[in-house]
Amino acid sequence: MISHPSPHLLHRVLLALFSCGFGVLSRSHADDAISFNRDVRPVLASQCFACHGPDEDHREADLRLDVDEAAIEHGVIEPGEPDASELVRRLFSTDEDEVMPPPHAGTLKPEQKQLLRDWVQSGAKYDKHWAFTAPTRPPVPTASQSEWGRNEIDAFVLDRLNREGISPSPEADPMTLVRRLYLDLIGLPPTPQQADAFVASSDPHAYETLVDELLQSPHYGEHWALPWLDLARYADTNGYEKDRERSIWPYRDWVIRALNQDMPYDDFSIAQLAGDLLPGNRPDDLIATGFHRNTMLNEEGGIDPLEYRYLAMVDRVATTGIVWLGLTTGCAQCHTHKFDPITHTDYFRLMALLNNADEPDYAIPDPNVEQQRSELFAEIASLESQLIDAFPVGDDKSRTFASEFAKWIAEQKMVATPWEVIAPAQMTSNLPRLELLDDGSVYASGDTTKRDEYELAFTIQQSDLPITAIRLEALPDDRLPERGPGLAFYEGRKGDFFVSELDATLDDVALGFGEVSHTYNTTNDGAPKVRPDNVFDGDGSTGWQPGNHKGERLHLVMNLQQPIETPGELRIKLLFERHYVASLGRFRIAITNKPDAVANRLSETVETILASSHDSDEHDSNEYNAALQREFLRTTPLLAEARKPIDALRAKLPERTTTLVMQERPADYPRPTFRHHRGEYLSPKEQVNPGMLSVFTNDEASSPKNRLELARWLVSNANPLVARVTVNRAWRSLFGAGLVRSNDDFGVQSEPPTHPELLDWLSVELVENGWSIKQLLKRIVMSATYRQDSKGTAELVHMDPDNRLLARGARYRVNGETIRDMMLQSSGLLSTTMYGPGVFPPQPQSVTGLAYGNFKWNTAKDADRYRRSIYTFKKRTAAFAAYTVFDAPTGEECIPQRNRSNTPLQALTVLNDEMYLEMAQALAKLACENTDDSPAEIATWMFRRILTRPPSADEVEMLTAYFDAQKQRLVSGQLNAEEIGGDKNATADVAAWSMVARVIMNLDEAVTRP
């Protein structure tokens, strides 16, 4: 029972509510001793630190009040002597020019002024902010109602309640508890049979057994991945204006699997921050790094790609601070933090730790895909070997294989050129890293711009002469976007390139070019600006590009007006200028002495054979003949019809699944990081070294130097915040609010924890228990605190409206994704298929139709339309409407806690949305399958499918009466099934029961965690 509060308690509660931030509700002791952290710091932080805090650039009068040495040294505080303290004098001054805070900045309440005076009188003792002190395991209180508690959590909660003169609520009834556990642990309601089995069980361990079963359910990972994906700002599109689709769903699936496996939270964190740096190079570790690849990508033509890469880094610093530090690190982007001890330089040192990575697409090894590809290639090879049997072609018996093959060889010898690859002796670029590979090709990587320049120097020897033509060879590479050959990763087609200009000199004397040809003689879509000879026209907006032939080997052959006949230094400059990044990713330079060289489509091997063949026995080997025959059979127009089955097989080759990952840059090519004045991209200042925030360590030797060291530091004992933040996040998920209310801010401006000792005890327990999140959740849900009835008395609700004292269970509306999953489960439609690309449940086409590009929402026609909501395709600029109505985020930024609103639009969504109408009708059809059931039995069954508990007699009577009324309207012709959102072929009974289902689905109880 709830005891009556004393007048003294009421006075203290009211004082807390109307003075300095609910201080009493965070106090752990009933004494009146002034605590700096609990009582004084909140006042100073809210009223003084903005002008007299950590930010030296905005500090007034060179006075710092957040550090005791600075305040006392300045002389504004005389400990124990308030009358001699300038701080106290200014607080109580009536002179507008002297009073602090100044009138324009707000005023302190009389009780706050008195608090600060009393604090100075007591010695003005400062304490380090609680969050920056490592948690230690506090002793478990001995509660006076020890028979109530079930574990240590209850001892801490009850100790606090006893001191406030309040008793806990009784345990919720079993039917409520079973529904609560199911919704909290797997996000789905129990079936009536599952609920009844739990309620009827006489096993004293039935509750714990159910908890264990739910924690082992594969649905656990699907449910608990959702809040983590909010933190990771997960989405299936790039965001910004074009918001194009991208493949990163393997990261989402990795999170689900990791949670289901109860991957220790420290390993879970390290893999996502720095999996690419872990030993073993495991695919899963690379996939995990998608956490920080979830940042948005702007594909507008006018952007600076490096600026938006910088903005992505800004997002990563802020997100890292929120997720693993619980601090608003993003506030220090433009200046030193106004309240927390995070300097402007600290911010960029933290950025430097995250900044030394490239961001490739990763093709995930998949044995099944490789097996399918291998089998198809074997089938293709078999069919290709049979192509020779297609001769003679048609009715012309003279077109035998031998004659056509000989003719083809003669034709190809005319165009085949003996090329000699030359490797550069020197390479420079404006920004990308150029690396010489063993085959003489150059691989470009790293950062790129919209106007990249490469310059290569070659030493031409006497043996190379004469040189009549130069070939620029664009080569595919698995490391490049879509295999290249270009570096384009946004706006243009992935893997695209655009050679705007090519200049060549020999010993600084310009070389002139004559006839130019390239692999494919047609221009890209007929565009006049895309021609091979445009690389010499002095216009950066014209040039040569691959068109629709990405991922292929392409040539640009340039004949010299005058052959090179003397040794010297050949320099080739390449300019890539486009409205997007369009540099070559891998390329090679070759020379020849053959006059009038032309580009062709021959493979490198075949061209070499044909160009060097002089009818000698050496070139008549079976190996050479086989290579030439394959090339002929694959390319001759005579066999176009015969090759159609082969082309069909090639079209069936499964693509390798890709995902976005981080990849640490080479040790000899680190990316520098600079402090940016006022956080502006265009205002870089001095270079900074990687390092952790100085509030945690000033020791350069022990400070992290790279992402892996950062990740390990964040989940080490050196970080006093990570365990607290993690525990608080789990607590919030189960109770609707954390022990610290501000989930993204444990800093000076945050409210103190309502139960600080409990927070620290659970934090230490989490670490010492191997960072097991499942064990943490189990400990919480096993507690008597969790099992309390959520109703509460009117008196208790009045005393503690936000349930900060935890004297009753938590009751709140669940998120939109869970609402849909609950209704899918209740209606019998839920598909249990897990993993894979995002799916498209029913929603109006107009939701995405207004987005850029008129994105088509191709609603699934099969079971995919009933998949769990975590698999719904997420488009940032037009997120799934039925979720956003219930406050789901768009994925544009890290969300540590969703808003929880209650609006009429939410009720209208569940009442009228196409997918909810479909669920209501499916439930009605199930209900009518047993024709022997009475209306009361059907109403009861339907009620329990949605709400779990049995209905009361009055509720059954109301539902059956409503059914009768709707059926009568249908039978009399006042309504038809289509008009109420049903199937036009539905019977009157099914249509009427679907109306009943809609009523039950729209009850507050249906969308509320009890």
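Heads up: numbering here begins at 1 and tracks the sequence. The model shown is predicted, which means the values in this text are computed figures rather than measured ones.
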> Are Asp236 and Lys874 ion-paired here, with the side-chain N under 4.0 Å from a carboxylate O?
Replying inline: no
> Between Tyr490 and Tyr240, does the ring centre distance come in under 6.0 Å?
Replying inline: no
>> Please find the pair of heavy atoms, one from Tyr454 and one from Ser583, that lie closest to each other, and give the distance.
In response: OH-CB, 3.3 Å
> How are the rings of Trp544 and Phe497 set to each other: parallel, tilted or perpendicular (split at 30° and 60°)?
Replying inline: perpendicular
>> Ring centroids only, cut at 6.0 angstrom: are Tyr580 and Phe498 within range, meaning strictly under it?
In response: no
> Taking the inter-plane angle between the rings of Trp228 and Phe291 on a 0 to 90° scale, is it parallel (under 30°), tilted (30 to 60°) or perpendicular (over 60°)?
Replying inline: tilted
>> Here's one to test your reading of the geometry: is the NZ or CZ of Arg257 within 45 degrees of the ring axis of Tyr835 and under 6.0 Å from its centre?
In response: yes
>> Show me the pairs that pass salt bridge (Lys or Arg N to Asp or Glu O under 4.0 Å) and involve residues 641-651, at least two apart or across chains.
In response: Glu384-Arg650, Glu641-Lys644
> Would you call Asp361 and Lys494 a salt bridge, using N to O less than 4.0 angstrom?
Replying inline: yes
>> If we count only N and O atoms by modelled type, under 3.5 Å, do the side chains of Asn600 and Gln412 hold a donor and an acceptor together?
In response: no
> Between Asn298 and Glu241, is any side-chain donor less than 3.5 angstrom from a side-chain acceptor?
Replying inline: no
> Checking Gln372 side chain against Leu653 main chain: does a donor-acceptor pair fall under 3.5 Å?
Replying inline: no
> Do NZ/NE/NH1/NH2 and the carboxylate oxygens of Asp668 and Arg433 come within less than 4.0 Å?
Replying inline: yes
> Between Arg451 and Glu577, is a salt bridge (charged side-chain N to carboxylate O under 4.0 Å, His left out) present by the stated rule, with each step listed?
Replying inline: CA-CA 4 Å; Arg451 193 181 191 280; Glu577 188 173 37; 3.1 Å; yes
>> Applying the salt bridge (Lys or Arg N to Asp or Glu O under 4.0 Å) criterion to Glu359, which one of Arg316, Arg665, Arg246, Arg671 satisfies it?
In response: Arg316
> Would Asp284 and Arg282 satisfy salt bridge (charged side-chain N to carboxylate O under 4.0 Å, His left out), going step by step from the backbone distance to the final call?
Replying inline: CA-CA 5 Å; Asp284 271 3; Arg282 298 190 317 143; 5.1 Å; no
>> Is it the case that the side chains of Asp304 and Tyr681 hold a donor-acceptor pair, with the cut-off being a distance below 3.5 Å and no angle test?
In response: yes
> Regarding Arg586 and the six-membered ring of Tyr443, is the cationic atom NZ or CZ under 6.0 Å from the ring centre and inside 45° of its axis?
Replying inline: no
> With a 3.5 Å cut-off and no angle check, do the side chains of Asp276 and Thr289 form a donor-acceptor pair?
Replying inline: no
>> Ignoring hydrogens, what is the shortest heavy-atom contact between Gly836 and Asp253? Give both atom names and the distance.
In response: N-OD2, 2.8 Å
